Amino acid sequence: MTQIYLHNTLKQRKDLFVPIDEKNVRMYVCGPTVYDKAHLGNAKTPVVYDVLYRLLCYVYGKDHVTYVSNITDVDDKILNKHKQTGKPIQEITQETYNWYIEDMAKLNVLSPNYRPRATEYIQEMIELVKKLIENGHAYESQGQVLFDVDSMPNYGYLSNRSMKEMIAGARVEVADYKKNPADFILWKPSEADQPGWDSPWGYGRPGWHLECSAMSSKLLGNDFDIHGGGSDLIFPHHENELAQSCCAYPGTHFAKYWVHTGMLMINGVKMSKSLGNFYTVDEILAKNPAEALRLLFLTTHYHQPFNFTFEGLNEAKKILDKFYNALLKNEDIPVQKAEPSQKIIEALADDLNTPLALSYIHEDVNALNKAETPEERKTLKAQLLADAYMLGLLYNNPSSWFKRTDDDSSEIDALVQKRLEAKKNKDWATADAIRNDLKEKGIVLEDGPDGTTWKRI
RNA sequence: GGCCGGUUGGCAGAAUGGCUUAUGCAGAGGACUGCAAAUCCUUUUAUAUCGGUUCAAUUCCGGUACCGGCCUCCA
């Protein structure tokens with residue numbers, strides 16, 4: 001069986017992945033808060049875990065992997081959106097959820113086994129808080145329930161920070177209802193016009209971290225294999241999830257492997273609305289193929305910061321043009337089932353080395369382009385597609401890759417026909433004029449042994 | 001201030017204690033083509049800096065500089 005290595009934040013190094021139960025490999029990845037359209041960073045993380053999910057399915061079998069990615073649909077950001085727009089909360093969350101699912105589909109992200117919503121697990125969260133109070137890890141103060149960090153001697157071990165440092169940071173919210181400034185909210189009261197649920201502590205709503213503890217426990221158990229998310233979540237979100245879960249269920253360890261993806265930057269700086277370099281997935285995909293964005297995400301190792309540039313996106317598109325050219329030339333060859341090559345698997349098993357894996361896809365494409373016999377083509381095409389599947393690439397139809405839905409084929413075909421006439425008469429001036437006119441419209445003509453074909457580049 | 005990560009050719013981006021250090025884009029030359037495009041062949045260019053360990057370091061260790069992230073909501 002393939003040995004998978006993953007960078008484990010708990011150990012701050014690469015770690016051999018040994019599932020708790022290889023018949024039931026379990027992964028939980030923090031999903032979006034549904035208050036606004038997904039931005040590029042929101043898309044990069046699920047693409048990365050999609051590759052990991054594909055790898056786990058390959059190694060352990062699809063039926064032996066459970067992948068959970070949550071939807072946060074109760075949060076103050078949603079509340080703020082409601083205040084700003086006047087739109088009902090339900091509408092905001094549902095609409096944003098739908099956009100997110102559309103984006104994920106375009107990026108060829110496989111559906112997780114579960115996409116639980118926080119609001120569907122309120123009872124579980126209340127139970128969790130009760131347990132924490134019972135176990136002496138939480139206390140009520142001025143209508144809120146807080147986690148008592150002093151009750152957990154090793155609090156801070158995931159993010160590798162000590163209480164001293166956190167207080168020295170002096171940016172921790174100091175509030176008189178907290179015993180320790182680092183204590184965080186488990187449950188807080190809601191106004192009558194705010195979303196809330198009845199609880200032993202009155203009408204209120206959960207703190208941010210609670211849902212992941214409750215949902216992962218319910219869907220995956222108290223101990224599971226992989227917990228993922230962006231590296232910005234390590235503290236405080238994941239640290240606090242870990243604290244809640246371990247303290248609520250003594251003797252359990254929560255996630256065994258913590259995997260974090262590097263942040264996305266735009267032209268070398270952090271993406272932020274105030275800097276004006278903020279891009280939603282939606283607006284990028286309006287003008288660029290989703291597959292190019294997906295490929296671009298995979299050109300950098302997931303653990304590194306990822307620098308988004310439009311040059312990079314164009315380069316990704318050109319690479320796909322090359323890949324689809326090879327497939328287009330072999331469109332008549334029937335698709336054969338094949339296993340992914342060992343080197344692709346090895347690259348991915350080594351802490352998801354997608355850049356190295358991509359270099360093997362290039363090798364596959366080069367080999368296919370050089371293939372001479374139909375048998376060779378058949379084998380190499382199958383190999384390419386099987387390898388690309390592991391990265392979730394080459395899922396488009398090769399001929400539609402080079403066309404646009406609004407292209408008027410008959411008009412272009414007529415021009416091609418006209419040019420063929422000119423060529424027959426050796427009227428090169430007319431022939432070239434037609435070629436150049438089309439080129440200006442982004443259409444490239446290719447003269448081959450079987451006639452002329454056109455592509456949109 | 002604390003904690004983390006990074007610095008590889010014109011650009012993107014892997015890998016590695018020694019051997020010809022990937023892969024892609026761009027550039028150069030060639031084949032093919034009426035000309036192109038696509039494809040194929042050939043090819044130029046790199047390991048921030050200073051020390052240490054070592055027979056040997058881009059790779060290991062330490063210092064310095066610079067960049068980024070987190071410490072507050074964030075994928």
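By convention in this document, chain letters (A, B, ...) are assigned in the order of the sequence lines, proteins followed by strands, and residues within each chain are numbered from 1. Basis for what follows: all heavy atoms, side chains included, without hydrogens, waters or symmetry-related copies. All values derive from a computational prediction rather than experimental measurement.
- B:U49 and B:G10: their P atoms are spaced 14 Å apart (whole Å).
- The side chain of A:D432 lies closest to B:C35, out of B:A75, B:U23, B:C35.
- Within the cation-pi definition used here (under 6.0 Å to the ring centroid, within 45° of the axis), A:K403 qualifies as a partner of A:W454.
- Atom CG of A:N314 and atom P of B:G24 are 19 Å apart (whole Å).
- A straight line from NZ of A:K317 to P of B:G24 spans 19 Å, rounded to a whole angstrom.
- Between A:M271 and A:K318, the one whose closest nucleotide on RNA chain B sits nearer the 5' end is A:K318.
- Residues in residues 98-118 of chain A take part in no salt bridge (Lys or Arg N to Asp or Glu O under 4.0 Å) pair, two or more places apart or across chains.
- Proximity note for A:K270 (side chain, C-beta onward) versus B:C25, B:G69, B:G68: the nearest is B:G69.
- Taking atom C1' on both nucleotides, B:U59 is separated from B:C19 by 15 Å, rounded to a whole Å.
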Check residues 287-299 of chain A and write down every donor-acceptor pair under 3.5 Å in which the side-chain atom is one partner and the other belongs to a residue at least two apart or another chain.
{"residue": "A:N288", "atom": "ND2", "partner": "A:I284", "partner atom": "O", "Å": "3.0"}
{"residue": "A:E291", "atom": "OE1", "partner": "A:Y324", "partner atom": "OH", "Å": "2.6"}
{"residue": "A:E291", "atom": "OE1", "partner": "A:N396", "partner atom": "ND2", "Å": "2.7"}
{"residue": "A:E291", "atom": "OE2", "partner": "A:Y324", "partner atom": "OH", "Å": "3.3"}
{"residue": "A:E291", "atom": "OE2", "partner": "A:L394", "partner atom": "N", "Å": "2.5"}
{"residue": "A:R294", "atom": "NE", "partner": "A:L391", "partner atom": "O", "Å": "3.0"}
{"residue": "A:R294", "atom": "NE", "partner": "A:G392", "partner atom": "O", "Å": "3.1"}
{"residue": "A:R294", "atom": "NH1", "partner": "A:D50", "partner atom": "OD2", "Å": "3.0"}
{"residue": "A:R294", "atom": "NH1", "partner": "A:L107", "partner atom": "O", "Å": "2.8"}
{"residue": "A:R294", "atom": "NH1", "partner": "A:N108", "partner atom": "O", "Å": "3.1"}
{"residue": "A:R294", "atom": "NH2", "partner": "A:D50", "partner atom": "OD2", "Å": "2.7"}
{"residue": "A:R294", "atom": "NH2", "partner": "A:L391", "partner atom": "O", "Å": "2.9"}
{"residue": "A:T299", "atom": "OG1", "partner": "A:L296", "partner atom": "O", "Å": "2.7"}

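- A gap of 11 Å separates the P atoms of B:U21 and B:A46, to the nearest Å.
- The side-chain tip of A:K81 does not point at the ring of A:Y35 from less than 6.0 angstrom away and within 45° of straight on.
- A search for side-chain hydrogen bond (donor to acceptor under 3.5 Å, both in side chains) contacts involving A:N240 returns A:Y155, A:H209, not counting sequence neighbours.
- A:Q12 comes within 4.0 angstrom of sugar-phosphate atoms only, judged by non-hydrogen atoms across all strands, and of no base.
- Remark: A:L10 CG to A:H227 NE2 distance equals 11.0 Å, nearest 0.5 Å.
- For A:N80, there are no side-chain hydrogen bond (donor to acceptor under 3.5 Å, both in side chains) partners, not counting sequence neighbours.
- Comparing B:G34, B:A22, B:A75 by their nearest atom to the side chain of A:S359 picks out B:A22.
- Taking the C1' atom of each, B:C11 and B:C70 are spaced 29 Å apart, rounded to whole Å.
- Counting any heavy atom pair closer than 4.0 Å across all strands shown, A:G230 reaches sugar-phosphate atoms only and no base atom.
- Under the salt bridge (Lys or Arg N to Asp or Glu O under 4.0 Å) criterion, A:R456 pairs with A:D407, not counting sequence neighbours.
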Could you walk me through whether A:D36 and A:K77 pass salt bridge (charged side-chain N to carboxylate O under 4.0 Å, His left out), step by step?
-> CA-CA 9 Å; A:D36 210 346; A:K77 285 194 290 291; over 6 Å; no
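- For the C1' atoms, the distance from B:U54 to B:C61 is 12 Å, rounded to whole Å.
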What are the atom names and distances for every N/O pair under 3.5 Å that joins the protein to nucleotides 13-15 of chain B?
{"residue": "B:G13", "atom": "OP1", "partner": "A:T300", "partner atom": "OG1", "Å": "3.3"}
{"residue": "B:G13", "atom": "O3'", "partner": "A:T299", "partner atom": "O", "Å": "3.3"}
{"residue": "B:A14", "atom": "OP1", "partner": "A:H301", "partner atom": "N", "Å": "2.6"}
{"residue": "B:A14", "atom": "O3'", "partner": "A:N353", "partner atom": "ND2", "Å": "3.0"}
{"residue": "B:A15", "atom": "OP1", "partner": "A:N353", "partner atom": "ND2", "Å": "3.1"}

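- The salt bridge (Lys or Arg N to Asp or Glu O under 4.0 Å) check on A:K37 picks up A:D282, with sequence neighbours excluded.
- Taking atom OH of residue A:Y28 and atom P of nucleotide B:A75, one finds them 12 Å apart after rounding to whole Å.
- Going from the C1' atom of B:U23 to that of B:U8 covers 14 Å, rounded to whole Å.
- Counting only Watson-Crick and G-U wobble pairs whose two key distances fall under 3.5 Å, RNA chain B forms stems of three or more stacked pairs at B:1-7 with B:65-71, B:10-12 with B:23-25, B:27-31 with B:39-43, B:48-52 with B:60-64.
- With sequence neighbours excluded, no residue satisfies salt bridge (Lys or Arg N to Asp or Glu O under 4.0 Å) with A:D437.
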All N/O pairs under 3.5 Å across the protein-nucleotides 58-63 of chain B interface:
none

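- Nucleic acid contact for A:G312: none, since no nucleic acid atom lies under 4.0 Å from a heavy atom of the residue.
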Produce a footprint string for nucleotides 36-43 of chain B: one letter per nucleotide, 5' end first; B if the base is under 4.0 Å from any protein heavy atom, S if only the sugar-phosphate is, - if neither.
-> BBSSSS--
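- Of the residues near RNA chain B, A:L358 and A:T261, the one whose nearest nucleotide (by heavy atom distance) lies more toward the 5' end is A:L358.
- In the region residues 99-121 of chain A, proximity to RNA chain B at under 4.0 angstrom, judged on heavy atoms, holds for none of the residues.
- Within 4.0 Å of A:T309, counting heavy atoms only, lies no atom of the nucleic acid at all.
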